[in-house]
Amino acid sequence: MNVLVLLVSFFACTVGAICGIGGGIIIKPVLDATGVADVSTINFLSGCTVLAMTLYSVVKSQLAKDSQIDMRTDTPLALGAAVGGLAGKELFSRVASLFANPNTAGAVQATLLLVITLGTLVYTLNKERISTRQVTSAAACGVIGFVLGACSSFLGIGGGPINLVVLFYFFTMATKRAAASSLYIILFSQFTSTASTLLTSDVSAANPILLVAMIVCGILGGVVGRKVNSKIDEKTVDKLFMALMVVIILINAYNIYQFALA
């Protein structure tokens, strides 16, 4: 089972680095489906893995001077996401405390993730026909970032496709530019969410050896993902992204069914 978890972590972070979705959108539902740990522990394992991958990807891009990040727009987005990450984590804790069975909280996450992923797929298929905006206000960027951070932290996915749709629509970003911005946003939101978990929650249920191995696989995925991203065009990235959305929708549908039976 641990080998499967590591393979999923590597694959998810490879694709996450290519498309800018982080990897948690794949790791979280797949680990939920395997039942390798409880929902909160899976959130933590997924979050640490995604944090490592995004940290590598963002720092490497800056050092290589090939980063497409625009600090004037992306930094307010990222700072807003950092605060939103804390809010989303707190919201999940409150929702989870409402249910005696922790699987119910997992079902809530899976349902929302399915809806968001389906909406993302529909938007992506039709984005060429949708008029977009060009937000420039730092305050507006901060608010948008807060919402993104809160959603990703609550869902335990670190970022995911919702980032790309928002960046496409509100900032008229090209696919690769949006991917770079999304990873930058995920880095900030995941950092605050993970730090908060370490300071306020009991993470002893997480196997430390598995955690370290997942982090290593996440970084390796970031290495491979950066190389692949540099060699393919934006249309190929879009096709890969849409194919992933279909797979994630199916996994989440399965998870909802499993959580309902538990």
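These figures come from a predicted structure and were not determined experimentally. Numbers here are sequence positions counted from 1. The basis for the numbers below is simple: all heavy atoms, side chains too, and nothing from hydrogens, waters or symmetry mates.
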Participant: Which residues pass the side chain to side chain donor-acceptor pair (under 3.5 Å) test with T194, not counting sequence neighbours?
Facilitator: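 Once residues adjacent in sequence are excluded, the partners of T194 under the side chain to side chain donor-acceptor pair (under 3.5 Å) criterion are Q190.
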Participant: For S230, what residues pass the side chain to side chain donor-acceptor pair (under 3.5 Å) criterion, not counting sequence neighbours?
Facilitator: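 Partners of S230 by the side chain to side chain donor-acceptor pair (under 3.5 Å) criterion come out as none, since no residue qualifies.
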Participant: With the side chain counted from C-beta on, respond yes when L167 and L77 share a heavy-atom pair under 4.5 Å apart, and no when they do not.
Facilitator: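 Yes. Closest side-chain heavy atoms under 4.5 Å.
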Participant: Got a donor-acceptor contact below 3.5 angstrom from the Q62 side chain to the S67 backbone?
Facilitator: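 Side chain of Q62 to backbone of S67: no pair is present.
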Participant: Going by heavy atoms in the side chains, are F44 and L198 under 4.5 Å from each other?
Facilitator: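 F44 reaches L198 side chain to side chain.
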Participant: So L6 and L210, side chain to side chain contact (heavy atoms under 4.5 Å, CB included) or not? Walk me through it.
Facilitator: CA-CA 8 Å; L6 298 182; L210 179 61; 4.1 Å; yes
Participant: With T175 as reference, evaluate D238, T124, D233 under the side-chain hydrogen bond (donor to acceptor under 3.5 Å, both in side chains) test and give the passing residue.
Facilitator: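 Of D238, T124, D233, side-chain hydrogen bond (donor to acceptor under 3.5 Å, both in side chains) with T175 is met by D238 alone.
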Participant: Hey, does T34 have a side-chain heavy atom less than 4.5 Å from the side chain of V8?
Facilitator: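 V8 does not reach T34 side chain to side chain.
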Participant: Is T172 reaching over with its side chain to a backbone N or O of R133, donor-acceptor style, under 3.5 angstrom?
Facilitator: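 At least one qualifying donor-acceptor pair exists.
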Participant: For N101 and T104, test the side chains for any donor-to-acceptor distance below 3.5 angstrom and give the result as yes or no.
Facilitator: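 On atom types as modelled, these side chains do not qualify, holding no pair under 3.5 Å.
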Participant: Going by heavy atoms in the side chains, are P161 and I25 under 4.5 Å from each other?
Facilitator: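 In contact.
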Participant: If the test is salt bridge (Lys or Arg N to Asp or Glu O under 4.0 Å), which one of K60, K227, R226 qualifies with D66?
Facilitator: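 For D66, the salt bridge (Lys or Arg N to Asp or Glu O under 4.0 Å) check succeeds only for R226.
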Participant: Kindly indicate, with the supporting measurements, whether the criterion side chain to side chain contact (heavy atoms under 4.5 Å, CB included) is fulfilled by V83 and T192.
Facilitator: CA-CA 7 Å; V83 179; T192 55; over 6 Å; no
Participant: Do L240 and T236 come close enough that some side-chain heavy atom pair is under 4.5 Å?
Facilitator: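 L240 vs T236: side chains apart.
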Participant: Distance-only criterion, 3.5 Å: show the donor-acceptor pairs between side-chain atoms of residues 134-141 and protein atoms not counting sequence neighbours.
Facilitator:
from	atom 1	to	atom 2	distance (Å)
Q134	NE2	F171	O	3.4
S137	OG	A139	N	3.3
S137	OG	A140	N	3.3

Participant: Answer yes or no: is there a donor N or O on one side and an acceptor on the other, between the side chain of S153 and the main chain of G85, under 3.5 Å?
Facilitator: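 Here the side-chain-to-backbone pair exists.
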Participant: Does atom CG (L199) have a neighbourhood of more than 12 heavy atoms from anything else shown, all under 6.0 Å?
Facilitator: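 Yes - once you tally the heavy atoms of other residues, nucleotides and ligands closer than 6.0 Å, there are more than 12.
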Participant: Pair D32, K28 - check side chain to side chain contact (heavy atoms under 4.5 Å, CB included), show working.
Facilitator: CA-CA 6 Å; D32 279 342; K28 161 68 177 166; 3.1 Å; yes
Participant: Verify, without hydrogens or angle tests, whether T54 (side chain) and V50 (backbone) share a donor-acceptor contact under 3.5 angstrom.
Facilitator: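 Present.
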Participant: For the side chain of S152 and the backbone of G149, is there at least one donor-acceptor N/O pair under 3.5 Å apart?
Facilitator: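 Yes, the answer is positive, given that a donor and an acceptor are paired below the 3.5 Å cut-off.
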Participant: So, using side chain to side chain donor-acceptor pair (under 3.5 Å) as the criterion, who are the partners of D74 when residues are at least two apart?
Facilitator: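 Checked D74 against side chain to side chain donor-acceptor pair (under 3.5 Å); matches are R177, S181.
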Participant: If hydrophobic clusters are built by linking Ile, Leu, Val, Met, Phe, Trp and Tyr wherever their side-chain heavy atoms come under 4.5 Å apart, do L164 and V247 end up in the same one?
Facilitator: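 Hydrophobic grouping puts L164 with V247.
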Participant: Taking only residues at least two apart or on different chains, which pairs with a member in residues 181-237 satisfy ring-ring contact (aromatic ring centres under 6.0 Å, His included)?
Facilitator: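 The answer is Y184-F188.
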Participant: With clusters defined by side-chain heavy atoms of hydrophobic residues (ILVMFWY) lying less than 4.5 Å apart, directly or transitively, does L118 cluster with Y254?
Facilitator: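 Per the 4.5 Å side-chain linkage, Y254 and L118 are not co-clustered.
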Participant: Does the S182 side chain pair with the main chain of A178, one donor and one acceptor, at a distance under 3.5 Å?
Facilitator: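 Not confirmed, S182 side chain does not pair with A178 backbone.
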Participant: Students often mix this up, so state it plainly: with edges at 30° and 60°, are the rings of F92 and F154 parallel, tilted or perpendicular?
Facilitator: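 Perpendicular.
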Participant: Report the residues that fulfil side chain to side chain donor-acceptor pair (under 3.5 Å) with N207, sequence neighbours left out, ordered by chain and then residue number.
Facilitator: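 Scan of N207 (side chain to side chain donor-acceptor pair (under 3.5 Å), adjacent residues dropped) gives none.
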